[in-house]
Amino acid sequence: MFRSYFLFFFVSIITLNSLSSQQIRSLKGGGFSGARKNDTVSGETKVILSGKTKYTDYKVISHKRDTAYIDTTLTIKKEYKFNYLRKDNFEFIEFHNQGQTQNNLGYSFDNLSQFPDIGYRAKQVSYLEIDDIKYYKVPTPTTEILYRTGLQQGQVVDALFTLNFSERFNASMFYKGLRSLGAYRRALVSNGNFRGTFNYKTKKNQYEIRGHFASQDFFHQESGGLTPEMLENFINEDENFDQRSRFDVNLTDAESQFDGTRVYLEHSYKLIASKDTLNNKDFSNLKVGHIFTNENKSYRFEQPTKTTDIFGASNSISGTNNTAESKITNNEVNLEFNSKYVLGKFKAKVNFTSYSYGYDTILNSDENINKLRLEGNAISFGADWNAKIKNFQLNADASLTPGSGRLAGNYLKGEALYKKDSVFSLKGSLLISSKLPNFNTLLHQSGYDDYNWQNDTFSNINTRNLGFSFNSKWINTDLNFTNIDNYTYFGTDNTPQQFDNQIIYLKLKVNKEFKLWKFALDNTVMYQNVSSGSSVFRVPEFVTRNTFYYTDDWFEG
């Protein structure tokens, strides 16, 4: 599959609301060092920017504590992220209406979750996970806004507001809202993502705490595709049906709703701290920490008028709650220390996890399901290691959940990164994962007879991924080898199945940009090969993106 783009013009809106040199406001506590001077005037504080504040002071901190800064430049990579997902969608093919699901053109296995999820992955394309949440540290109140239109009364707004009440305490609020009617009938999408974050540390960094709250909802009208007659008219390009809104669809009153809420809290206390790095202590610091996560997800499909021609026979029980609900609560207790003997940081951790997934009632009178819910608890043991040896950075994360329960499995991820200043970087990674497939493949209920199943004999999905990447000013490459045992998929009869053989998957992606004067040609090529399991694991062999663009500075000052 080949995919090309030609870029004419793009605009990104980012606003930094800085305090003016004459702003008057009340201050309780100090600000950023070197960022402003305080003069008391008539009982108030006059805030004067010292001129030392730079754009690099507006820091963005990832969940893994990697620090970047708010980037206000206009580049081709920023254009690739100027979409609803706010990320480069090179490996996805979009449906006609923004906010709908996206099909994978390629797969990445370098960031798998440790435990199974509720499933319904098609409704979670724009769901923000824990790793997607950002934290901030800014010298002045800061706002970032993205707005773009879409098909047929479609708009999306993504807004951020963040400020530091002091140098050590930051709070942020985010909201992304989308509503788009779409070009076809029954294609309305209405999504919302709200996030609130905070991070705080004491004066001597002895106690640190950060957390976030996320509430997300995704409403979709379901069309079921074009009717056979309309599909024939579309293929034959009938002039009476040149407007997509005139095509009849299979479903006239079906809707789906996916909701999710999450509370995340992480804090730590430094038990031992060393001020002198030349002392003879074994530990430069010793820290005890606790992480609490509570996440609730739900999915429901509503259709007042049953369509047996598409989904088959129905023996639904009216007046029941057809919502599938999932709740996962995790408490992690960890002990972290720095030591010259481990060349960096080492963290030992224990996780206590409880889960519940299922339904409140029986939805089909003919089903043979004997469980309404999957529930249980699990204890996991693990460790993290981060070390730096000259230009080498080593990272490792391991976790083991013993037993025979539904959360039993293991997780191991290791990385080795070599960076030569700003010239090039080379990284190798290894991931080994074993976990059950998502809950909706193990248990599912529906008013339609063919969509009820209970799979108690499914085995763990075993994934092994070996990756290499090389990034430089000349060329960027990524190479991944992946093996999967017990790959779980939905077959032609729409029921979950596990593949008997092994999936062997190779992915190679190369990026190179050519520049001449103020013109540039950015090229990305991805090659994929499935040597075993191509009948169920399907990806295009080639995907390309070629962008020709012009860039220049048109304004000064």
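All values below come from the heavy atoms of this structure, side chains included, with hydrogens, waters and symmetry mates left out.
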Worksheet entry | Residues R168, E208: salt bridge by 4.0 Å N-O rule | no
Worksheet item: Are the side chains of F519 and T551 in touch, meaning some heavy atoms are under 4.5 Å apart?
Response: no
Worksheet, complete the sentence: From the list T72, T140, T53, side chain to side chain donor-acceptor pair (under 3.5 Å) partner of Y58 resolves to T140
Discussion item. When you measure from the side chain of T488 to the backbone of N486, do you find a donor-acceptor pair of N or O atoms at a distance under 3.5 Å?
Written reply: yes
Discussion item. Between F174 and Y136, does the ring-ring contact (aromatic ring centres under 6.0 Å, His included) criterion hold? Intermediate values first, please.
Written reply: CA-CA 12 Å; F174 313 74; Y136 289 80; 5.8 Å; yes
Worksheet, complete the sentence: Which of N410, T401, N330, N351 passes side chain to side chain donor-acceptor pair (under 3.5 Å) with S380? Answer is T401
Worksheet item: Under 3.5 Å, is there a donor-acceptor pair between the K507 and T482 side chains?
Response: no
Fill in: Salt-bridge contact R86-E144 (side-chain N to carboxylate O under 4.0 Å)
yes
Practice prompt. Please state whether the rings of Y355 and F439 are parallel, tilted or perpendicular, taking 30° and 60° as the class boundaries.
Written response: parallel
Item to complete: Could you tell me whether the side chain of K134 reaches within less than 4.5 Å of the side chain of R195, counting heavy atoms only?
Response: no
Worksheet item: Given side chains that start at C-beta, do those of Q155 and R148 come closer than 4.5 Å, heavy atoms only?
Response: no
Worksheet item: Out of curiosity, N170 CG to N164 CG, how far, rounded to the nearest 0.5 Å?
Response: 4.5 Å
Worksheet entry | Salt-bridge contact K413-D397 (side-chain N to carboxylate O under 4.0 Å) | no
Discussion item. Once rounded to the nearest 0.5 Å, what's the spacing between atom CG of D522 and atom CG of N546?
Written reply: 8.5 Å
Worksheet item: Where the side chain of D478 meets the backbone of G467, is there a donor-acceptor pair that is under 3.5 Å apart?
Response: no
Worksheet item: Got more than 12 heavy atoms from elsewhere within 6.0 Å of CG, D552?
Response: yes
Worksheet item: Between K176 and Y84, is NZ or CZ placed under 6.0 angstrom from the six-membered ring centre and within 45° of the ring axis?
Response: yes
Worksheet entry | Parallel, tilted or perpendicular: rings of H212 and Y264 (30°, 60°) | parallel
Item to complete: State, yes or no, whether a side-chain contact exists between E129 and Q124 at a heavy-atom distance under 4.5 Å.
Response: yes
Worksheet item: Counting distance only, does the side-chain N/O of Q216 pair as donor-acceptor with the main-chain N or O of G192 below 3.5 Å?
Response: no
Item to complete: Over all heavy atoms of both residues, which pair between E91 and S108 is shortest? Give the atoms and the distance, please.
Response: OE1-OG, 4.0 Å
Worksheet item: Ion pair present between K297 and D117, side-chain N to carboxylate O less than 4.0 angstrom?
Response: yes
Worksheet item: Quick check: are there more than 12 heavy atoms from other residues, nucleotides or ligands sitting under 6.0 Å from CZ of R464?
Response: yes
Worksheet item: What's the spacing between I76 CD1 and E513 CD if we round to 0.5 Å?
Response: 7.5 Å
Worksheet item: Crowded around F292 CZ? As in, over 12 foreign heavy atoms under 6.0 Å?
Response: yes
Worksheet item: Do you know the tightest heavy-atom contact between K515 and A520?
Response: CG-CB, 3.9 Å
Fill in: Smallest separation among heavy atoms of P141 and L163, with atom names
CA-CB, 4.1 Å
Fill in: Parallel, tilted or perpendicular: ring planes of F109 versus Y505, cut at 30 and 60 degrees
perpendicular
Item to complete: Let me see the working for Y107 and F537 under ring-ring contact (aromatic ring centres under 6.0 Å, His included), right down to the final yes or no.
Response: CA-CA 10 Å; Y107 290 88; F537 192 91; 5.0 Å; yes
Worksheet entry | Under 3.5 Å side-chain donor-acceptor pair for Q114 and S399 | yes
Worksheet item: Does the side chain of L85 come within less than 4.5 Å of V125's, by heavy atoms?
Response: yes
Fill in: Over 12 non-hydrogen atoms of neighbours within 6.0 angstrom of NZ in K512
yes
Worksheet entry | Polar side-chain atom of S532 near backbone of Q502 as donor-acceptor pair, under 3.5 Å | yes
Worksheet, complete the sentence: Of all heavy-atom pairs linking M526 and L105, the shortest is CE-O, 3.8 Å
Fill in: Any Y175 side-chain heavy atom under 4.5 Å of D158 side chain
no
Item to complete: Check whether any side-chain heavy atom of F92 sits under 4.5 Å from a side-chain heavy atom of F90, and report yes or no.
Response: no
Item to complete: Evaluate the ring planes of Y55 and Y69, with Trp represented by its six-membered ring, and classify them as parallel (under 30°), tilted (30 to 60°) or perpendicular (over 60°).
Response: perpendicular
Worksheet item: Can you find a heavy atom in the side chain of I503 that is under 4.5 Å from one in the side chain of V536?
Response: yes
Worksheet item: Between S433 and L431, what is the shortest heavy-atom contact and its length?
Response: CB-CD2, 4.0 Å
Discussion item. Check K123 with D259, please: is the shortest side-chain N to carboxylate O separation under 4.0 Å?
Written reply: no
Response to the item:
Interatomic distance, CD1@I133 vs OG@S62, rounded to 0.5 Å, equals 12.0 Å
Discussion item. Using every non-hydrogen atom in the two residues, find where T101 and A122 come nearest and quote the distance to one decimal.
Written reply: OG1-O, 3.0 Å
Worksheet item: With under 30° as parallel and over 60° as perpendicular, where do the rings of Y200 and F169 fit, or are they tilted in between?
Response: perpendicular
Worksheet item: Are any side-chain N or O atoms of K78 and backbone N or O atoms of T73, one a donor and one an acceptor, separated by less than 3.5 Å?
Response: yes
Discussion item. Would you compute the distance between atom OG1 of T75 and atom OH of Y80 and round it to the nearest 0.5 angstrom?
Written reply: 9.5 Å
Discussion item. Could you check whether atom NZ of K473 has more than 12 heavy atoms from other residues, nucleotides or ligands sitting under 6.0 Å from it?
Written reply: no
Worksheet entry | Salt bridge present between K349 and D384 (N-O < 4.0 angstrom) | yes
Worksheet, complete the sentence: Tested for side-chain contact (heavy atoms from CB on, under 4.5 Å) against N480, the lone hit among N465, L506, L508 is N465
Practice prompt. Drop me the distance from Q393's CD to N386's CG, to the nearest 0.5 angstrom.
Written response: 6.5 Å
Item to complete: Measure up the Y550 and W554 rings against each other and bin them: parallel (under 30°), tilted (30 to 60°), perpendicular (over 60°).
Response: tilted
